[in-house]
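Below is one structure, written out as structure tokens; the observations come after it.
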Amino acid sequence: MSDTARHPDGEKPRHLNFLEQIVEADNASGKWGQDAQGHPKVHTRFPPEPNGYLHIGHAKSICLNSGLARSYGGAFNLRFDDTNPAKEEQEYVDAIIKDVEWLTGGHAGYRFGGIFWASSYFERMYGWAEELIQKGLAYVCDLSAEEVGKRRGSIGVPATSPFRDRDPAESLALFRDMRAGKFPNGARTLRARIDLASPNFTMRDPVMYRIIHESHHHTGDAWCLYPMYDWAHCLEDSLEGITHSICTLEFRNNRPLYDWFIDSINKDRGPGSRWGERIHHPQQIEFARLNLTYTVMSKRFLLALVKEARVSGWDDPRMPTICGLRRRGYTPASIRRFCDDIGVTTQESTIDVGRLENAVRDDLNKTAPRVMSVLRPLKVVIENWPEGKIDELDFVINPEDPGAGTRKVTFTREIYIEREDFMETPAKKFFRLAPGQEVRLRWAYFIRCTGVVKDASGEIVEVRATYDPETRGGDAPHGPDGQPLRKVKGTLHWISAQHAIKGEVRLFDRLFNAEEPGKRTGNQLDDLNPNSLERIEAMLDPVLAGAAAGATFQFERMGYFCVDPDSRPGAIVLNRTVTLKDTWAKVGAAGT
RNA sequence: UGGGGAUUGGUGUAACGGUAGCACGACUGACUCUGACUCAGUUAGUCUAGGUUCAAAUCCUAGAUCCCCAGCCA
């Protein structure tokens, strides 16, 4: 028997996680029967409520559920759990569809069951509710929300309702009146008749239906009676033939209720029963939701950030939303890989956000074309380079991908280098440019610094240097033995001053300063990083001029950047997805 | 105070009574026309206390810590 599985995107074998173990055991025992092709049935779903945008935590669930379908030849449904018209909007529906399709790669690799709505099952659910009333397992309760709260009981003290022994016929009539719109919001509820004394509060006669006179984004004004999560969810799963209903840990206490509802419908059902055949009973399984350091994942908090304009929108590249990550330059494959790497268990944990960043670095390193752009320019004048002379040099587009080939870059007398690549009095181990020191300009020439020009305030405004014509292409001259005659430690990126184009670059830092936002003061806003966005004007490689929104590049030595949709002809905007790893930054920080 | 869960290196995750392994990070070093990538090495762990057993992360007992539950939210 196999004890490994494949990464969704490829190669490395890996241990089975607890969900995969369950699926394999079920497949071995034939628990769920077979699909049309004769394979053991595996059917999962992702059931968001359309009351907000999807974030990286949802990505874990999407990858998990679609990944299981992919691994075991099963199917995967996207289903909107739209049971509360007061909170849900079409805008969210549209955004969620887009994000799920983007993340899963257009449903590649598994059978996409389709897009479903809980609200399209309302009639079926209603019928089952009447059945439960007639079986004596549900009753209409006239208590107000406030009264129910008061009568909920407490630990060791049972709840009470004067209506739980109401005659089923009366309940049924009342329930039909509720549906007919004869009562205002909150006047009555339908409650399951389970156990008012249960130590598990979710079993203390939970509400199944409440009255909400409000238009629904999907069903319009067809209903004023809306099902609660517990009643609705198990039925949605059942109707769709879901086998493994995977949800987060906080629903553990709800599992007995999930099972109770299905079992109650199945009570007295079977061949020849007046109620009909038994309905499908999926298995709910809980897993630990994703937590990330320096990140807040709650929908209402993210909504507040948007509403209070602390970010530019749901897709602000600093947001942990899927659309934010997309705009930031994250690829679907990198997010999938991340979700696969962190695993899935029933123990709560917090993942270092650095792992997400590593995932996108890994992916982009293999695919992103390289470009030389200078974020914070410092002019260098090559004193022995003739005025007006132009040289065209070969530039390797992606060393990780030989197939990407080369292109030309233009070298002239005046170039820009990164300000941080020059030190007048170099620190220890600083092997970039400094007076008297020689460096390589990538793919171009060796240059040696001959001096600096300062303005009245003493600020360095220009660096003077000479180049060595023998080093054209960036190679040191070789001796007769084939060995380079000299070596330079530093290689700098650069751009011809005359050819560079100016553009806006947006540099992002973490949205929060604290590893666990809100831990200190109880208010997550207190840990909001006021400097999470920096906009600068940079000197960019001219090839960027024609780049489309969403295109991703590596700025050599500086990081990965992605063209923002705010770009206009002649006014390009780039987002820094993530920096490259920077050992020197660490050395420098340690040295100060 | 009732019920339901969870505790393995810094972090995350394997082990399913039989050698505590892997990944990430950190640290060394090699390589390098990106201080990137890549490669090699080092680092460090079973919540505690008892018990069962030839043998315990795993089984038993007691305790500790953390999380969830008293919405007409999901």
Side-chain angles (χ1 to χ4, degrees), chain A residues 3 12 14-17 21 47-49 51 81-84 86-88 141 143-146 148-149 151-157 159 185-191 197-204 206-212 226 228-230 232-233 247-256 286 288 293 299-300 341-352 354-355 358-359 361-362 365-366 370 372 396 399-400 429-432 439-444 446 471 473-476 487-493 554-559 579-588:
Chain A
D3 61 349
K12 269 194 270 169
R14 199 211 47 199
H15 288 283
L16 252 32
N17 64 45
Q21 289 181 16
E49 185 188 15
N51 66 345
D81 207 1
D82 53 350
T83 57
N84 188 350
K87 295 191 170 181
E88 298 153 8
C141 178
L143 256 23
S144 70
E146 192 190 349
V148 169
R151 289 166 168 268
R152 175 119 25 223
S154 58
I155 291 162
V157 181
N185 285 356
R188 287 176 223 265
T189 57
L190 183 72
R191 291 230 249 165
S198 174
N200 179 353
F201 280 74
T202 89
M203 298 297 273
R204 313 251 270 216
V207 170
M208 295 165 65
Y209 280 96
R210 75 289 215 194
I211 298 169
I212 304 174
Y226 289 92
M228 296 287 289
Y229 167 84
D230 290 297
H233 205 88
C247 62
T248 46
L249 247 31
E250 68 269 26
F251 290 102
R252 196 84 219 274
N253 293 333
N254 301 51
R255 194 164 81 203
E286 308 85 19
T293 57
K299 275 191 196 176
R300 64 184 182 288
D341 279 349
I342 59 176
V344 50
T345 63
T346 55
Q347 58 180 292
E348 290 165 274
S349 60
T350 302
I351 307 290
D352 186 338
R355 291 185 75 142
N358 284 343
R361 280 191 191 102
D362 274 358
N365 179 45
K366 297 186 189 81
R370 264 103 248 230
M372 291 197 290
V396 175
E400 301 287 323
K429 283 190 156 177
F430 181 83
F431 42 82
R432 279 115 97 143
V439 297
R440 169 173 31 239
L441 295 177
R442 189 147 158 92
W443 306 119
F446 287 10
T471 58
D475 284 315
K487 289 197 169 183
V488 289
K489 275 292 251 181
T491 299
L492 309 186
H493 62 282
Q554 185 196 103
F555 287 10
E556 291 222 340
R557 305 207 305 133
M558 300 309 287
T579 60
L580 257 32
K581 278 194 196 154
D582 189 351
T583 311
W584 169 244
K586 272 195 243 169
V587 174

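Below, chains carry the letters A, B, ... as their sequence lines are ordered, and counting in each starts from 1.
- To the nearest whole angstrom, the two C1' atoms, one in B:C73 and one in B:U13, are 33 Å apart.
- Atom NZ in A:K366 sits about 18 Å away from atom P in B:U34, given to the nearest Å.
- No engagement by A:R361 is indicated, since no non-hydrogen atom pair under 4.0 Å with the nucleic acid exists.
- Of the inter-residue distances, the one linking A:N51 atom CG with A:K299 atom NZ reads 3.5 Å to the nearest 0.5 angstrom.
- Computed from coordinates, the A:N365 CG to B:C39 C1' distance equals 15 Å when rounded to whole Å.
- Regarding A:R440, its CZ atom lies at a distance of 10 Å from the P atom of B:G35, rounded to whole Å.
- In terms of heavy-atom proximity, A:R204 sits nearest to A:R152 at NH2-O, 3.2 Å.
- Put simply, the side chain of A:T202 gets close to the backbone of A:N253: a donor and an acceptor are under 3.5 Å apart.
- A:Q554 is not listed as a side-chain neighbour of A:R361, based on a closest heavy-atom distance of 4.5 Å or more.
- Nucleotide B:C22 is matched to B:G12 when pairs are restricted to Watson-Crick or G-U wobble geometry with both distances under 3.5 angstrom.
- Rounded to whole Å, the separation between the P atoms of B:U42 and B:U34 comes to 28 Å.
- In this structure, A:I342 CD1 and A:N17 CG are separated by 11.0 Å, a value rounded to the nearest 0.5 Å.
- Take A:T491 and apply the side-chain contact (heavy atoms from CB on, under 4.5 Å) test, not counting sequence neighbours, and it matches A:R440, A:R442.
- The P atoms of B:U46 and B:G9 are separated by 7 Å, rounded to the nearest whole Å.
- At the heavy-atom level, A:R252 lies under 4.0 Å from the strands shown only through sugar-phosphate atoms.
- In terms of phosphate contacts, A:K586 brings a side-chain nitrogen or oxygen within less than 4.0 Å of OP1 or OP2 of B:A26.
- Residue-level contact check: A:K429 touches the bases, meaning some heavy atom is under 4.0 Å from a base atom.
- Nearest nucleotide to the side chain of A:D582, out of B:G35, B:G25, B:U34: B:G35.
- In this structure the side chain of A:W584 reaches within 4.5 angstrom of the side chain of A:R432, judged on heavy atoms.
- As judged by a 4.0 angstrom heavy-atom cut-off over every strand, A:F430 is placed among the base-contacting residues.
- Rounded to whole Å, the separation between the C1' atoms of B:C69 and B:G17 comes to 35 Å.
- The CG-C1' distance, from A:L492 to B:U32, rounds to 15 Å in whole Å.
- The main-chain N or O of A:F446 is found under 3.5 Å from a side-chain atom of A:T471 such that the two form a donor-acceptor pair.
- To the nearest 0.5 Å, atom CG of residue A:L143 and atom CZ of residue A:R191 are 6.5 Å apart.
- In this structure, A:M558 places its CE atom 11 Å from P of B:G35, rounding to the nearest Å.
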How does each nucleotide of nucleotides 69-74 of chain B score, in 5' to 3' order, for protein heavy atoms under 4.0 Å: base (B), sugar-phosphate only (S), or none (-)?
SBSBSB

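- Nearer the 5' end of RNA chain B, as judged by each residue's closest nucleotide, is the contact made by A:R255, out of A:R255 and A:T471.
- Nucleotide B:G71 carries a syn base; the chi torsion (O4'-C1'-N9-C4 or O4'-C1'-N1-C2) is within 90° of 0.
- Separation of the C1' atoms belonging to B:U48 and B:A56 is 16 Å when rounded to the nearest angstrom.
- Between A:V488 and A:V439 there is no side-chain heavy-atom pair separated by less than 4.5 Å.
- In this entry the distance linking CD of A:Q554 with C1' of B:U34 reads 7 Å, nearest Å.
- Rounded to whole Å, the separation between the C1' atoms of B:U43 and B:C22 comes to 16 Å.
- Base pairing analysis places B:A74 opposite nothing; no Watson-Crick or G-U wobble pair with both distances below 3.5 Å involves it.
- No contact: A:G156 has no heavy atom under 4.0 Å from any strand.
- B:A40 and B:G35: their P atoms are spaced 22 Å apart (whole Å).
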For nucleotides 10-20 of chain B, give me one character per nucleotide, 5' to 3': B if any protein heavy atom sits under 4.0 Å from the base, S if the only such contacts are to the sugar-phosphate, - if neither.
-BSSSSB----

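- Regarding A:D475, its CG atom lies at a distance of 15 Å from the C1' atom of B:U34, rounded to whole Å.
- Salt bridge present: A:E286 and A:R255 bring a charged side-chain N and a carboxylate O closer than 4.0 Å.
- The partner of B:C31 is absent, by the rule that a Watson-Crick or G-U pair needs both atom distances under 3.5 Å.
- The partner of B:G50 is B:C60, by the rule that a Watson-Crick or G-U pair needs both atom distances under 3.5 Å.
- The line from CG of A:L16 to CD of A:Q21 is 5.5 Å long, rounded to the nearest 0.5 Å.
- The pairing partner recorded for B:A6 is B:U65, the criterion being a Watson-Crick or G-U wobble arrangement whose two distances lie under 3.5 angstrom.
- Rounded to the nearest Å, the gap between the C1' atom of B:G25 and that of B:U61 is 38 Å.
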